[in-house]
Amino acid sequence: MTDLLEVAGLHKSFGANHVLRGIDLTVPAGSVTVLVGPSGSGKTTVLRSLNALEIADQGTVRIGDVSVDFGTKPDRRALRTLRAQSGMVFQSHNLFPHLSVLRNVMEGPLVVQKRPAAEVRAEALTLLERVGLADKAEQYPYQLSGGQQQRVGIARALAIKPRLMLFDEPTSALDPELVGEVLAVMKDLAAEGWTMVVVTHEMRFARRVADQVLFMDGGVVVEHGTPAQVLDQPEQERTQRFLHRLN
Ligand code: ADP
């Protein structure tokens, strides 16, 4: 399988805080990678760097045929192109409160990609159907549960037709009874062959859906492998300690 995503030597500091210390990772097309690790280990910063929401100091990110070398201070155009390759789902949905659910999903393709409204609308309705929310199209975010809002967030990220889907702790702000419906949509996307990188503490999801698990600590990937290797038989002491604390 070819790698859709390739990250090499990624470094990022916030002031004196050297947060990413040389991240290398590859993600085969059509596979699911789950990033786990203690809070503050740099997982979110990795994800945001892939989407150019954070601008790394060093290293390269390649998604498909789009490659950015952060060491050479890429221009806005290069960053915009990189950003267009991935759809991001955040911890809290970030929906526009003044727009209907349908308009929220239409916003990216309509305003950023400037595609024809009729086509965008039809696609947005199909996406809402796919996340089980066709009947909520004309409602506003505040009328939806947290789980429904997150599903709209997923539809919105899909609407720009990304090659890669990024999920940053998509269920950690939800009440426990709403977690399942969001994970179910993610599982469906994985089964459809979407390439996904997911930061999550949902170990059951990681076990069932991930092809690859990366354990991060202190801004490096400490170990990676299949869920069984990393979660059940970790080689590194840092991974063992982290997993022990979760149980
Ligand atoms: P994780 O997702 O593993 O919890 P993060 O990537 O969110 O880790 O954070 C890693 C470190 O980077 C933390 O020390 C955090 O405080 C710091 N950090 C993250 N984003 C910023 C930012 N925008 N400005 C300053 N420091 C940040």
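Side chains included, hydrogens not; waters and symmetry mates left out as well; all remaining heavy atoms used. Here the structure is a predicted model, which is why all the values come from computation and not from measurement. Just so you know, ligand 1 is whichever comes first in the structure, and atom 1 is the first atom listed for that ligand.
If you check each of Lys43, Glu169, Glu54, Gln91 against atom 3 (O) of ligand 1, the one with the closest non-hydrogen atom is Lys43. Between atom 10 (C) of ligand 1 and the options Val199, Val19, Asn17, the minimum heavy-atom separation is to Val19.
For the pair Gly15 and ligand 1, no heavy-atom separation below 4.0 Å is found. The closest approach between any non-hydrogen atom of Gly37 and ligand 1 is not below 4.0 Å.
The two residues Lys187 and Val209 come nearest to each other via the heavy atoms CG-CG2, 3.5 Å. Heavy atoms only, all atoms of each residue included: Gly218 and Ser41 are closest at N-CB, 3.9 Å.
Looking from atom 5 (P) of ligand 1 to the surrounding protein, the closest heavy atom is Thr45 OG1, 3.7 Å. The shortest contact between atom 8 (O) of ligand 1 and any protein heavy atom is with Gly42 N, 3.1 Å. The shortest contact between atom 24 (N) of ligand 1 and any protein heavy atom is with Phe14 CD2, 3.4 Å. In terms of protein heavy-atom proximity, atom 7 (O) of ligand 1 is closest to Thr44 CB, 3.5 Å. Counting only heavy atoms of the protein, atom 4 (O) of ligand 1 lies nearest to Gly40 N, 2.7 Å.
Counted within 6.0 Å of CD on Gln233, heavy atoms from surrounding residues, nucleotides or ligands total 12 or fewer; the atom is thus considered open. The neighbour count for His244 NE2, taken as heavy atoms of other residues, nucleotides or ligands under 6.0 Å away, does not exceed 12. By the neighbour-count criterion of 12 heavy atoms within 6.0 Å, atom CD of Glu235 is sparsely surrounded, having that number or fewer from other residues, nucleotides or ligands.
The presence of a protein heavy atom under 4.0 Å from atom 15 (C) of ligand 1 is ruled out.
Per-residue contacts place Pro38 under 4.0 angstrom from the following atoms of ligand 1 (heavy atoms of the residue considered): 3 (O). Every atom of ligand 1 is numbered from 1 in the order shown, and the set under 4.0 Å from a heavy atom of Ser41 is 1 (P), 3 (O), 8 (O).
Considering only heavy atoms from C-beta on, Val213 comes within 4.5 Å of Leu231 through its side chain. Taking 4.5 Å as the limit, every side-chain heavy atom of Leu166 sits out of range of all side-chain heavy atoms of Asp168.
No donor-acceptor distance shorter than 3.5 angstrom exists from the side chain of Lys136 to the backbone of Pro141, with no hydrogens or angles considered.
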